[in-house]
2 protein chains.
Amino acid sequence: MSKIPETASPSVGGLRPSHSAADCSQSSQAVQDALYVLSGKWKLPIIVALSGGPRRFGELQRLVSGITAKMLSKELKELEMNEFAIRRVYATMPVTVEYELTEYSQSLNSIIEALRDWGIQHRARILGKDSVKA
Amino acid sequence: MSKIPETASPSVGGLRPSHSAADCSQSSQAVQDALYVLSGKWKLPIIVALSGGPRRFGELQRLVSGITAKMLSKELKELEMNEFAIRRVYATMPVTVEYELTEYSQSLNSIIEALRDWGIQHRARILGKDSVKA
DNA sequence: GTAAGCAGTATCCCAAAGGATACCACTATA
DNA sequence: TATAGTGGTATCCTTTGGGATACTGCTTAC
C-alpha cells in the first residue's frame with residue numbers, strides 16, 4: 001500500500017528515500033520529499049478539480065479530462081494517504097462517494113503559487129524566444 | 001532531442017503538452033510546466049551541486065552520489081536546454097568542461113524555497129505522527 | 001608499457017508509470 | 001428488456017525512466 005521503500009521508517013503517507021544517506025543536504029532532501037508527493041501526471045489536475053468544492057468520482061473523471069478510472073482511483077488513494085483529500089461515502093442507492101480537499105492540502109498553496117507564477121513567466125519567455133526565432 | 005510532443009509548438013526548452021486544450025485552467029497548465037522542468041530523479045541534486053559554483057563533469061559525478069555518467073550527461077543537456085546551466089569547453093589537454101548555473105536558474109529559487117519549507121514541515125508532521133503511533 | 005583520469009557515448013536490460021479494455025453488483029429510466 | 005449511471009477493480013499491454021556495463025580517444029603519471 002504505502003510507497004515507502006525498505007530503508008525508510010514507516011510513516012503516514014510516505015517520504016522519499018535518501019538515495020544515499022546524508023550526502024545531499026537535508027534541504028535537498030526536503031525538496032525531494034515535496035516533489036515526491038506532487039509527482040505524477042494527475043495529482044495537481046485532481047487537486048485543481050477539487051479546489052472548487054467536493055466532487056463525486058464520476059464528476060472528477062469528467063472534470064479531469066483524459067484520466068482513466070484506474071488512475072483516478074489510484075491517485076485519489078494517494079491524496080488520501082497524504083491527507084490532502086478525504087473520502088466520504090453516502091448510503092444512497094446506488095452509493096455516492098464524495099472527495100474533498102482537507103485543510104492540510106491548503107499548505108500546498110505556496111508551492112502551487114510559486115510553480116504557477118514561474119510556469120507562466122517561463123512559458124512567456126519561451127514563446128517570446130520562439131517569435132524572435134520565427 | 002527535444003521532449004516536445006507533436007501537438008506542442010516548437011520552443012526553446014520544451015513545455016508540457018496540454019493533455020486536452022483549454023479544459024484545465026491555464027494556471028494548472030503553468031503548474032505542470034514548472035513541475036516538468038524539475039521532474040526526474042537528478043535535476044535538483046545537480047542544481048544543488050552546481051550552486052556552489054562551476055563544476056567539471058567528473059566533479060559533478062562525484063558530488064551527486066549515485067548518478068551514472070549517462071544520466072548526468074542527459075540531465076545536464078536538459079538543464080542546458082532550459083537555460084538553467086551553461087557548458088564551457090576549455091581547450092586544455094585533455095579538454096576540460098565546466099558547467100555553471102545561469103542567472104535564469106535563480107528564478108527557480110522561490111519554487112525551491114517553497115518546496116523545501118513544505119518538505120521540512122511535512123517530514124516533521126509525519127515523523128510526529130509516527131512517534132504518536134509507536 | 002600500463003594504469004588512471006579527462007568527458008562522455010552506446011547498448012542492453014529492468015522496473016515503474018500509465019493507458020485500454022473488460023468487468024463487478026446494483027438501480028432507475030426508457 | 002436493454003441501457004446508462006453509481007464507484008470502482010482486474011488484467012494486459014506499451015512507454016518511459018533509469019541502472020549496469022563496456023567502450024571511445026587522448027594524456028599524464030607510475
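So that the names make sense, note that chain A is the first sequence line, chain B the second, and so on, each numbered from 1.
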Distance in angstrom units between B:Leu76 CG and C:dT9 C1', rounded: 14 Å
Under the salt bridge (Lys or Arg N to Asp or Glu O under 4.0 Å) rule, collect the residues that match up with B:Arg62, sequence neighbours excluded. none
To the nearest angstrom, how far is B:Leu72 atom CG from C:dT9 atom P? 10 Å
Applying side chain to side chain donor-acceptor pair (under 3.5 Å), name anything that partners A:Thr96, two or more places apart in sequence or on another chain. A:Thr92
Rounding to a whole Å, what distance do you find between B:Glu80:CD and C:dG8:C1'? 13 Å
Salt bridge (charged side-chain N to carboxylate O under 4.0 Å, His left out) pairs touching residues 45-58 of chain B, sequence neighbours excluded, are B:Arg55-B:Glu59, B:Arg56-B:Glu59
Roughly, in whole Å, what's the span from NZ in A:Lys74 to P in D:dT9? 13 Å
Run the side-chain contact (heavy atoms from CB on, under 4.5 Å) test against A:Ala69 and tell me which residues pass, sequence neighbours left out. A:Phe57, A:Gln61
Taking only N and O in the side chain of A:Lys43, is any of them less than 4.0 Å away from OP1 or OP2 of C:dG18? no
Using atom CD of B:Gln61 as one end and atom P of D:dA20 as the other, report the distance to the nearest whole Å. 12 Å
To the nearest Å, how far apart are A:Glu98 CD and D:dG7 C1'? 13 Å
So, OP1 or OP2 of D:dT9: does either fall under 4.0 Å of a side-chain N or O from A:Ser73? yes
Does A:Arg62 have a side-chain nitrogen or oxygen under 4.0 Å from the phosphate oxygens OP1 or OP2 of D:dG5? no
Salt bridge (charged side-chain N to carboxylate O under 4.0 Å, His left out) pairs, two or more places apart, involving residues 88-97 of chain B: B:Arg88-B:Glu100
In chain order, what residues pass the side-chain contact (heavy atoms from CB on, under 4.5 Å) check against B:Glu80, with sequence neighbours excluded? B:Arg87
Can you find a side chain N or O atom of B:Tyr90 that sits less than 4.0 Å from OP1 or OP2 on C:dA7? no
Do any of residues 53-60 of chain A sit with a heavy atom less than 4.0 Å from DNA chain C, and if so which? none
Tell me, for nucleotides 19-30 of chain C in 5' to 3' order, what letter each nucleotide earns: B for a base near a protein heavy atom under 4.0 Å, S for only sugar-phosphate near one, - for neither? BB------S---
Distance-only check: which donor-acceptor pairs under 3.5 Å involve side-chain atoms of residues 108-120 of chain A, not counting sequence neighbours?
| residue | atom | partner | partner atom | Å |
| --- | --- | --- | --- | --- |
| A:Asn109 | ND2 | A:Gln106 | O | 3.3 |
| A:Asn109 | ND2 | A:Gln106 | OE1 | 3.1 |
| A:Trp118 | NE1 | B:Ser107 | OG | 2.9 |

4.5 Å side-chain heavy-atom contact, B:Gln29 and A:Arg123: yes
Got a salt bridge between A:Glu83 and B:Arg125, using NZ or NE/NH1/NH2 to carboxylate O under 4.0 Å? yes
